[in-house]
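The structure appears below as structure tokens.
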Number of protein chains: 2
Amino acid sequence: MLIRTPADLGAVIRDRRKRLKLDQSTLAKRIGVSRQWVIDIEHGHPRAELALVLRALDALGIPLDADDQQMTSRGSARSAIDINAIVAKAKKSRT
Amino acid sequence: MLIRTPADLGAVIRDRRKRLKLDQSTLAKRIGVSRQWVIDIEHGHPRAELALVLRALDALGIPLDADDQQMTSRGSARSAIDINAIVAKAKKSRT
DNA sequence: CTTAAATGTCAGCGATCGCTGACATTCCCA
DNA sequence: TGGGAATGTCAGCGATCGCTGACATTTAAG
């Protein structure tokens with residue numbers, strides 16, 4: 001599933017936990033956090049600590065993949081000529 | 001790239017920023033955070049806020065995918081019989 | 001070498017983290 | 001329907017967040 005918001009993450013974690021038949025206390029111990037933290041993250045807590053989130057995903061066996069390399073730029077894809085670089089340079093050496 | 005640690009995330013963000021020819025200040029404005037935050041995250045700051053991290057990835061056009069559904073359990077894969085459920089139940093109804 | 005941009009460091013501030021422990025509520029078997 | 005497990009809520013605490021602004025260092029172009 002694509003993760004766009006803290007709520008998305010909370011849903012993934014909760015679903016996974018249930019699929020594994022774990023209760024919040026047990027999961028909390030595995031991750032090394034308090035039960036309160038598990039409650040908060042499952043509710044989409046937006047300010048959770050990055051490292052704890054990663055540990056939670058690991059404890060649940062959920063790999064997290066960042067599609068770097070991605071061609072997001074609107075317009076023509078993957079050209080041999082790096083337009084961005086050319087424009088950036090042009091802006092600077094404004095003779 | 002698989003994200004396992006805050007450092008992994010920092011690397012992905014920095015690489016992507018450079019590929020897009022952005023400096024830290026510009027990226028910070030796009031994300032809506034301070035330049036200090038960008039510096040910290042690129043250095044692998046482990047306690048960064050989840051929501052800000054997600055906004056950063058979005059600003060950089062990096063989709064984040066969580067492989068739920070994954071069969072992580074060691075042992076035989078995807079059986080029709082849910083051993084975990086059976087064991088969990090057995091533990092409870094300890095006659 | 002000179003210079004400017006980019007990056008990194010530091011300190012101080014208000015806000016919020018995650019933790020604990022007690023209690024309230026909801027689920028769900030038997 | 002009764003009762004225990006699971007889940008959710010609250011408050012108070014020390015620790016750390018992310019922010020600002022100034023300054024130091026590194027990088028890159030000329």
Overall bend - the helix from C/dC1-D/dG30 to C/dA30-D/dT1, comparing terminal axes fitted on five pairs, nearest 10 degrees =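 It comes to 60° between the two terminal axes.
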Looking only at atom types and distance, does a side-chain atom of [X] sit under 3.5 Å from a main-chain N or O of [Y], one as donor and one as acceptor?
{"X": "B/Arg17", "Y": "B/Leu22", "answer": "yes"}
{"X": "B/Arg35", "Y": "B/Gln24", "answer": "no"}
{"X": "A/Asp8", "Y": "A/Thr5", "answer": "yes"}

Please name all residues satisfying side chain to side chain contact (heavy atoms under 4.5 Å, CB included) with [X], sequence neighbours left out, ordered by chain then number.
{"X": "B/Ala11", "result": "none"}
{"X": "B/Asp67", "result": "A/Pro63, B/Asp65, B/Gln70"}
{"X": "B/Asp58", "result": "none"}

Just how far, in rounded Å, is [atom2] of [N] from [atom1] of [X]?
{"X": "A/Ile39", "N": "D/dT9", "atom1": "CD1", "atom2": "P", "result": "8 Å"}
{"X": "B/Ile41", "N": "D/dG18", "atom1": "CD1", "atom2": "P", "result": "7 Å"}
{"X": "A/Ile31", "N": "C/dC19", "atom1": "CD1", "atom2": "C1'", "result": "15 Å"}
{"X": "B/Leu27", "N": "C/dT7", "atom1": "CG", "atom2": "C1'", "result": "14 Å"}
{"X": "B/Lys21", "N": "C/dT7", "atom1": "NZ", "atom2": "P", "result": "12 Å"}
{"X": "B/His43", "N": "C/dG8", "atom1": "NE2", "atom2": "C1'", "result": "7 Å"}

Set of side chain to side chain donor-acceptor pair (under 3.5 Å) partners for [X], sequence neighbours left out:
{"X": "A/Ser34", "answer": "none"}
{"X": "A/Asp23", "answer": "A/Thr26"}
{"X": "B/Asp68", "answer": "none"}

query = In terms of hydrophobic clusters joined by side-chain contacts under 4.5 Å, are B/Ile13 and B/Leu20 together?
reply =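 Same hydrophobic cluster.
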query = Is A/Met1 reachable from A/Leu9 through a run of hydrophobic residues whose side-chain heavy atoms are each under 4.5 Å from the next?
reply =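 Yes, one cluster joins them.
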request  = Respond yes when some side-chain nitrogen or oxygen of A/Gln24 is under 4.0 Å from OP1 or OP2 of D/dG8, and no when none is.
outcome  =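 The answer is yes; a side-chain N or O of A/Gln24 sits under 4.0 Å from OP1 or OP2.
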task = Using heavy atoms and a sub-4.0 Å distance, could you list which residues of residues 44-58 of chain A are near DNA chain D? By number, please.
result =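 Nothing qualifies; none.
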ask   = What residues in residues 3-15 of chain A put a non-hydrogen atom under 4.0 Å from any atom of DNA chain C?
value =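 When residues 3-15 of chain A is checked for heavy atoms under 4.0 Å from DNA chain C, there are no hits whatsoever.
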Sequence-aligned protein contact record of nucleotides 20-26 of chain D, with B where the base is within under 4.0 Å of a protein heavy atom and S where only the sugar-phosphate is = BB-----
Identify all side-chain donor-acceptor contacts of residues 49-56 of chain A below 3.5 Å with residues at least two apart in sequence or on another chain.
{"from": "A/Glu49", "atom 1": "OE1", "to": "B/Arg47", "atom 2": "NE", "distance (Å)": "3.4"}
{"from": "A/Glu49", "atom 1": "OE2", "to": "B/Arg47", "atom 2": "NE", "distance (Å)": "2.5"}
{"from": "A/Glu49", "atom 1": "OE2", "to": "B/Arg47", "atom 2": "NH2", "distance (Å)": "2.5"}
{"from": "A/Arg55", "atom 1": "NE", "to": "A/Ile31", "atom 2": "O", "distance (Å)": "3.2"}
{"from": "A/Arg55", "atom 1": "NH2", "to": "A/Ile31", "atom 2": "O", "distance (Å)": "2.9"}
{"from": "A/Arg55", "atom 1": "NH2", "to": "A/Gly32", "atom 2": "O", "distance (Å)": "3.3"}

Residues which pass salt bridge (charged side-chain N to carboxylate O under 4.0 Å, His left out) with A/Arg30, listed by chain and number, not counting sequence neighbours =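 Not a single residue meets the salt bridge (charged side-chain N to carboxylate O under 4.0 Å, His left out) criterion with A/Arg30.
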message = Here's a test of your reading of the structure: between B/Ser25 and A/Asp40, which maps to the more 5' nucleotide of DNA chain C?
response =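 Checking each residue's closest nucleotide, the 5'-ward one belongs to B/Ser25.
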